[in-house]
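To find a chain, count down the sequence lines: A is the first, B the second, and so on, and within it residues start at 1. Small disclaimer: the values here were computed from a predicted structure and weren't measured.
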Amino acid sequence: MEHARVLRGVAGVAGFLAAAEIVGATGLIDDRFLPRMSAILRGAAELLADQEFLADARATLAAWGLGLLLTVAVAVPAGLALGALPPVERAVRPLIEFLRPIPSVAVVPLAILLFSDNLHLRVAVVVYAASWPIVINTIYALRDVDPLAKETLRSFGFGPMSVLLRVALPSAAPFIATGIRVAAGTAIILVISAELLAGGAEGVGIYIMEAASGNRMDLMLGATLWAGLFGVLSNSALVAVERRLFRWHDARAGVAR
Amino acid sequence: MLEITDLVHSYGSHRVLDGVSIRAAEGELVCVVGPSGCGKSTLLRSVAGLIRPTGGRVLIDGRPVERIPDNLAVVFQDYSRSLYPWMTAANNVALPLRRRGLDRRRRREAAMAALDQVGLADAAEKYPWEMSGGMQQRVSIARALAYRPSLLLMDEPFGSVDAQTREDLEDLVLRVCAHHGMTTLLITHDIDESVYVGDRVIVLTRSPTRVAADLPVDLGRSRDQIATRQLGAFVRLRAEVGRLVRGGSPTPTVLEKH
């Protein structure tokens with residue numbers, strides 16, 4: 001099952017790359033606007049030996065990691081508080097519903113005005129954008145905690161805070177983890193978007209801009225490819241962590257692997 | 001030990017309990033049986049302090065139940081929702097013992113001893129979802145035992161297991177309750193079971209619920225799944241409880257015997 005799935009995925013990607021290469025080879029698209037797939041892949045490979053690109057990648061990853069860490073530290077407690085206190089949640093809800101649909105990239109210009117430090121700017125944008133999926137997932141997960149599970153602990157004389165931490169939080173954890181995984185994807189988008197819009201000294205976004213202005217389409221798209229690949233890798237790493245940590249959840253829900 | 005006096009509870013304008021009075025002496029196993037939807041669970045939740053009844057009084061050891069009493073444990077019907085799937089059996093059993101101020105090692109020892117009593121010493125490191133329904137309910141019972149309550153409340157504890165497992169669990173409860181001298185209130189809709197397990201059977205009426213009858217069970221403390229159910233006294237009492245649950249009136253001849 002698992003092998004067949006991976007194999008099909010690989011076949012799909014390979015098919016796309018081959019098709020793109022063939023379209024390039026027929027001369028249907030001018031190489032100067034869109035380099036051939038083989039050139040892009042060669043560019044992406046070259047970047048691995050490019051010290052400047054590696055430093056940029058490190059800077060982007062640092063902003064991503066720091067931003068995500070801070071997001072979790074802010075959004076999980078916020079979600080727990082809102083989920084555990086329905087009156088507060090009802091009061092804050094309209095604000096959330098108003099802010100959430102605003103495209104997160106639209107706050108970058110505001111962040112440029114507020115933060116002089118480039119790392120601070122990117123981290124702040126990540127925290128703003130990536131908090132939503134975690135907060136929302138946490139609120140809904142807490143609402144869906146089995147009342148009997150809570151009542152059981154209550155019947156042994158445990159107070160509301162103990163019930164929240166010992167029953168509600170573990171019950172909600174798999175859904176919170178999914179929120180964090182979605183947030184990780186949002187965060188990488190926002191870090192690179194902020195770099196493209198705000199400029200600065202280093203970052204994958206900066207590298208992409210410089211490659212574009214130097215007319216190196218192969219390097220520009222190669223760097224873009226790495227950004228996408230990073231998104232895929234971080235997502236599968238988090239899926240693996242979830243499966244390991246929440247074996248009980250899958251076993252109960254009867255999820256087929 | 002347990003005194004429930006004139007308990008009244010309404011959900012909105014719907015009166016569920018209409019003046020229910022039940023007494024249980026120290027160490028007694030009292031079965032409460034009644035037609036489905038008669039407010040048995042509401043009764044249990046009021047005794048456990050999980051809901052505040054509209055009227056009436058519940059005294060445990062002479063003290064009124066205002067908040068959740070700390071000498072009481074509940075076994076719910078739905079073990080799969082009542083056990084925590086992220087914890088092993090041993091950790092599920094040990095969790096409530098935090099309320100007893102025991103350190104980690106003592107909690108562990110008490111949990112292992114309770115699991116041993118219900119015949120699950122080998123399953124301590126299993127997760128609930130790795131166990132059969134009967135085993136899971138044994139873990140719930142062990143969790144209640146380890147807490148060492150003076151009052152044990154059981155809400156349809158055998159309602160979700162197969163017939164064979166049900167008999168095993170009935171005998172298990174009889175054994176451990178007698179062993180610990182625990183006062184037990186067992187709620188069931190199963191007439192046969194109420195007579196087999198109980199020292200006394202309280203029959204409730206349909207909603208709005210009152211006590212229809214309070215019948216002593218003169219079958220002695222030691223019971224046997226086959227022999228006890230063949231006794232004339234068992235058969236007569238079961239028929240009487242059945243009549244009452246269906247809304248009949250008490251038969252004088254049966255009551256005269258006691």
Side-chain angles (χ1 to χ4, degrees), chain A residues 76 79-80 83-84 86 137-138 140-181 238-257, chain B residues 41 44-51 60 65-89 91-101 107 126-131 136 139-140 143-149 151-156 160:
Chain A
V76 173
L80 282 180
N137 264 30
T138 307
Y140 282 116
L142 280 190
R143 208 180 279 173
D144 284 347
V145 175
D146 191 331
L148 188 66
K150 291 191 275 190
E151 205 164 50
T152 299
L153 204 62
R154 225 153 65 74
S155 74
F156 285 108
F158 286 79
M161 201 60 192
S162 296
V163 173
L164 178 69
L165 293 179
R166 296 192 186 282
V167 179
L169 184 59
S171 295
F175 302 100
I176 298 175
T178 305
I180 292 174
R181 182 153 50 85
L238 288 171
V239 167
V241 170
E242 281 172 49
R243 285 206 178 152
R244 215 185 143 70
L245 280 179
F246 306 121
R247 214 155 48 91
W248 58 267
H249 182 71
D250 291 350
R252 251 206 345 175
V255 174
R257 308 260 167 85
Chain B
S41 291
L44 179 131
R45 282 179 160 70
S46 305
V47 176
L50 291 170
I51 57 171
I60 296 176
V65 171
E66 275 155 1
R67 302 165 74 187
I68 290 163
D70 59 6
N71 54 351
L72 170 153
V74 186
V75 174
F76 292 97
Q77 171 179 356
D78 212 334
Y79 43 78
S80 65
R81 294 167 55 202
S82 177
L83 292 175
Y84 301 121
W86 56 88
M87 289 182 174
T88 60
N91 287 336
N92 264 288
V93 174
L95 175 62
L97 300 176
R98 290 176 175 274
R99 295 277 304 154
R100 294 281 187 246
R107 289 201 298 267
K126 282 197 172 176
Y127 287 88
W129 39 270
E130 295 174 321
M131 297 178 168
Q136 291 184 46
V139 176
S140 301
R143 178 168 62 184
L145 289 180
Y147 195 64
R148 302 220 167 257
L151 178 62
L152 176 63
L153 302 177
M154 305 183 101
D155 188 5
E156 303 263 7
S160 303

Below 4.5 Å, heavy-atom pairs only: which of B:Leu50, B:Asp70, B:Ile68 has the largest tally toward chain A?
B:Leu50

Looking only at B:Met87, B:Glu130, B:Arg143, most heavy-atom pairs under 4.5 Å shared with chain A are made by B:Arg143

I need the minimum non-hydrogen distance between B:Phe76 and A:Ser155, along with the two atoms involved.
CE1-OG, 4.3 Å

Are there residues of residues 163-171 of chain A that reach to under 4.5 Å of chain B by heavy atoms, and which ones?
A:Arg166, A:Val167, A:Pro170, A:Ser171

Is the shortest side-chain heavy-atom distance between A:Glu151 and B:Val74 below 4.5 Å?
no

Pick one of side chain, backbone, both or neither for A:Leu245, based on which atoms fall under 4.5 Å of a heavy atom in chain B.
neither

Is the CZ atom of A:Arg143 crowded by more than 12 outside heavy atoms at less than 6.0 Å?
yes

Give a yes or no on this: more than 12 heavy atoms of other residues, nucleotides or ligands lie within 6.0 Å of atom NZ of A:Lys150.
yes

Answer yes or no: is there a donor N or O on one side and an acceptor on the other, between the side chain of B:Tyr147 and the main chain of A:Phe156, under 3.5 Å?
yes

Counting distance only, does the side-chain N/O of B:Arg99 pair as donor-acceptor with the main-chain N or O of A:Gly157 below 3.5 Å?
yes

Using non-hydrogen atoms and a 4.5 Å limit, figure out which bit of B:Leu95 sits close to chain A: side chain, backbone, both or neither.
both

Let me know if B:Arg67 has heavy atoms under 4.5 Å from chain A in its side chain, its backbone, both or neither.
neither

Say you draw a straight line from CG of B:Asp155 to CG of A:Leu148; how long is it, rounded to the nearest 0.5 Å?
9.0 Å

